[in-house]
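Step one of this worksheet: look at the structure below.
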Amino acid sequence: MNKIIYLLGTIIFSFCQWFTILVISNQGGNDMVGKYSLYIAIISFIAIFFNLGLRNYIPSDVDRKFENNSYLNLKIFSLSVFFIFGALISLVCDNSLLFFSILLVKFCDSISDFVYALFVKNGRAYLFGYSQFLKLLALILMSFLYFYFGYRVEFYLISVFLCMLLIVLFFDINNIIQYFKKYKIILNDDCKIITYNSLPLAISSFIISLSIFVPRYFLDILFSSEAVARFTYITYYSIFFSMVVTSVLQVRLPKISKDVLNTTNFSYHRSSIIIGGLYSVLIIVFFYVMSNPISSYIYDIEPYSYLTLLLVSIYTILNLVNSYLNIILVAQSKGKYMMRVYINSLLMLVVLCYLGSVFLDTNGIYLSICLSSFIQAFLMLYYLRKEKG
């Protein structure tokens, strides 16, 4: 039941992201969605870096080497730097208020990431599901008021932030207070060690988020905001499928961490391969049968070509493979390999996006993200096999 509620929470979280895009699309149009998508990609890779990879690192600390107070001190410091840095960037943006309103929402998400890591570590992952349900109710309420009063997108996002902040304060934080005793704000030696150990995860996650930003950037400067919006619409389906798998893996991270310490035999992954294969079939059927009718009805856009749907299907399946291989590398504390993987794939993505957009139009961007994901999978599998040998 614990895992089921956590999984439902992830589905709700993905739905909330998609629902926000839907609301902005209906009220602000494709250009506003394109601008929103670009800004949230920028803020996300900044937030992910300053999250320091703690969402995965904390549950993997199965031996409880560090006190929760040390994690909290480090989080407060990194969160403060993130907010100040993001606020400064908002001053030089074309739409400063839109950027800042997105920053506020991501600020709440960053707090929640830390809280959810503690939930998972202490066997209370189901609280994540309850928290996401409350946030969904708040989002629906704010969206209704937004449609009724017709105020600006920026004020809609600020109202969402205020509701999320209340839930974070009175539900999320209230459920983790018990884990902190005699709390003092001080960056001790444990904080330095945690930073050193988790920094490879943070850098890797930062590079991953840059990989999300790069195709949007090329679409924006070489094509239009509408092209960014179309990319966002179709890839949000991919994000949904990927997040379902990622959430299951995060719940199982403590067990996986123990498994890799006790064995070098990876035969127990066979069941995951079978389940992943069936899930991949579901993904292909969805994109080819359902994605165009849904997108055309909801967003009122032209249907995607079959080539685009094929490329996005492959990209989604490769993301599933990468999520699985990534969690194994995290469990093995092989952060140095992860950085090599993501740096190489990011560099290839930049080159491929430029060449693809020149020779294959927008489909060149979709092909580029597929090839970059394939490079990630190949390199991670190589390093896993290397360690096995």
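We use all heavy atoms of the structure for the numbers below, so side chains are in, but hydrogens, waters and symmetry mates are not. All residue numbers in this chain count up from 1 along the given sequence. On a predicted model such as this, the values are computed, not experimentally measured, just so you know.
Remark: Ser291 pairs with Ile234, Tyr237, Phe286, Phe287, Leu309 by the side chain to side chain contact (heavy atoms under 4.5 Å, CB included) rule, at least two apart or across chains. For Phe213, the ring-ring contact (aromatic ring centres under 6.0 Å, His included) criterion is met by Phe45, Tyr217, not counting sequence neighbours. For Tyr366, the ring-ring contact (aromatic ring centres under 6.0 Å, His included) partners two or more places apart in sequence, or in a different chain, are Phe231. Residues passing the side-chain hydrogen bond (donor to acceptor under 3.5 Å, both in side chains) test with Asn363, sequence neighbours excluded: Thr308. Judged as a salt bridge (Lys or Arg N to Asp or Glu O under 4.0 Å), and not counting sequence neighbours, the contacts of Lys135 are Asp172. The salt bridge (Lys or Arg N to Asp or Glu O under 4.0 Å) search around Asp113 returns Arg55, not counting sequence neighbours. Every residue was checked against the side-chain hydrogen bond (donor to acceptor under 3.5 Å, both in side chains) condition with Asn344, not counting sequence neighbours, and none meets it. Take Arg216 and apply the side-chain hydrogen bond (donor to acceptor under 3.5 Å, both in side chains) test, not counting sequence neighbours, and it matches Ser37.
The distance from the CG atom of Leu103 to the CD1 atom of Ile40 is 11.0 Å, given to the nearest 0.5 Å. Note: Ile343 CD1 to Leu346 CG = 8.5 Å, rounded to the nearest 0.5 Å. Between the CZ atom of Phe107 and the OG atom of Ser110 there is a distance of 8.0 Å, given to the nearest 0.5 Å. Atoms CD1 and NZ, from Ile43 and Lys106 in turn, are 8.5 Å apart once rounded to the nearest 0.5 Å. Atoms OG and OH, from Ser295 and Tyr236 in turn, are 14.0 Å apart once rounded to the nearest 0.5 Å. One finds the CD1 atom of Ile76 at 9.5 Å from the CD1 atom of Ile111 (value rounded to the nearest 0.5 Å).
Between Phe223 and Asp361 there is a side-chain heavy-atom pair separated by less than 4.5 Å. A heavy-atom distance below 4.5 Å is not found between the side chains of Gln376 and Leu318. Taking 4.5 Å as the limit, some side-chain heavy atom of Tyr288 sits within range of a side-chain heavy atom of Tyr306. Inter-residue side-chain proximity for Ile283 and Leu320 is flagged as met; some heavy-atom pair is nearer than 4.5 Å. Side-chain contact between Ser357 and Thr362 is absent, with no heavy atoms from C-beta onward closer than 4.5 Å.
Tested against Tyr36, the residues Val153, Asp31, Thr232, Ile102 include a single side-chain contact (heavy atoms from CB on, under 4.5 Å) partner, Ile102.
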Side chain to side chain contact (heavy atoms under 4.5 Å, CB included) between Phe83 and Leu104: does it pass, once the steps are laid out?
CA-CA 8 Å; Phe83 185 78; Leu104 292 175; 3.7 Å; yes
Please lay out, stage by stage, how Leu379 and Arg340 fare under the test side chain to side chain contact (heavy atoms under 4.5 Å, CB included).
CA-CA 9 Å; Leu379 290 176; Arg340 295 177 193 176; over 6 Å; no
One pair to check against side chain to side chain contact (heavy atoms under 4.5 Å, CB included): Met32 and Leu98. What are the steps and the verdict?
CA-CA 10 Å; Met32 179 59 77; Leu98 177 62; 3.9 Å; yes
Decide yes or no on side chain to side chain contact (heavy atoms under 4.5 Å, CB included) for Asn319 and Tyr315, but give the supporting numbers first.
CA-CA 6 Å; Asn319 272 348; Tyr315 167 69; 3.2 Å; yes
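Minimum heavy-atom separation, Ala227 to Leu219: O-CD1, 4.0 Å. Shortest non-hydrogen contact noted between Leu349 and Pro215 is CD2-CD, 4.2 Å.
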For residues 154-169, run the donor-acceptor check on the side chains, cut-off 3.5 Å, and write out each pair with its distance to 0.1 Å, sequence neighbours left out.
| from | atom 1 | to | atom 2 | distance (Å) |
| --- | --- | --- | --- | --- |
| Glu154 | OE1 | Arg152 | NE | 3.4 |
| Glu154 | OE2 | Asn95 | ND2 | 3.0 |
| Glu154 | OE2 | Arg152 | NH2 | 3.4 |
| Tyr156 | OH | Ser143 | OG | 2.9 |
| Ser159 | OG | Phe155 | O | 3.4 |
| Ser159 | OG | Tyr156 | O | 2.5 |

Scan the side chains in residues 368-375 for donor-acceptor partners under 3.5 Å anywhere in the protein, sequence neighbours excluded, and list what turns up.
| from | atom 1 | to | atom 2 | distance (Å) |
| --- | --- | --- | --- | --- |
| Ser368 | OG | Leu352 | O | 2.8 |
| Ser368 | OG | Cys353 | N | 3.3 |
| Ser368 | OG | Gly364 | O | 2.6 |
| Ser372 | OG | Ser345 | O | 3.2 |
| Ser373 | OG | Ile369 | O | 3.0 |

Without placing hydrogens or testing angles, list every side-chain donor-acceptor pair under 3.5 Å for residues 84-92, not counting sequence neighbours.
| from | atom 1 | to | atom 2 | distance (Å) |
| --- | --- | --- | --- | --- |
| Ser90 | OG | Ala87 | O | 2.5 |

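Although no hydrogens or angles enter the test, the distance criterion places a donor-acceptor pair under 3.5 Å between the side chain of Arg230 and the main chain of Glu302. For the pair Ser78 (side chain) and Phe50 (backbone), a donor-acceptor distance under 3.5 Å is present.
Among pairs with a residue in residues 340-364, none fulfils ring pair (Phe, Tyr, Trp, His ring centres under 6.0 Å), at least two apart in sequence or across chains.
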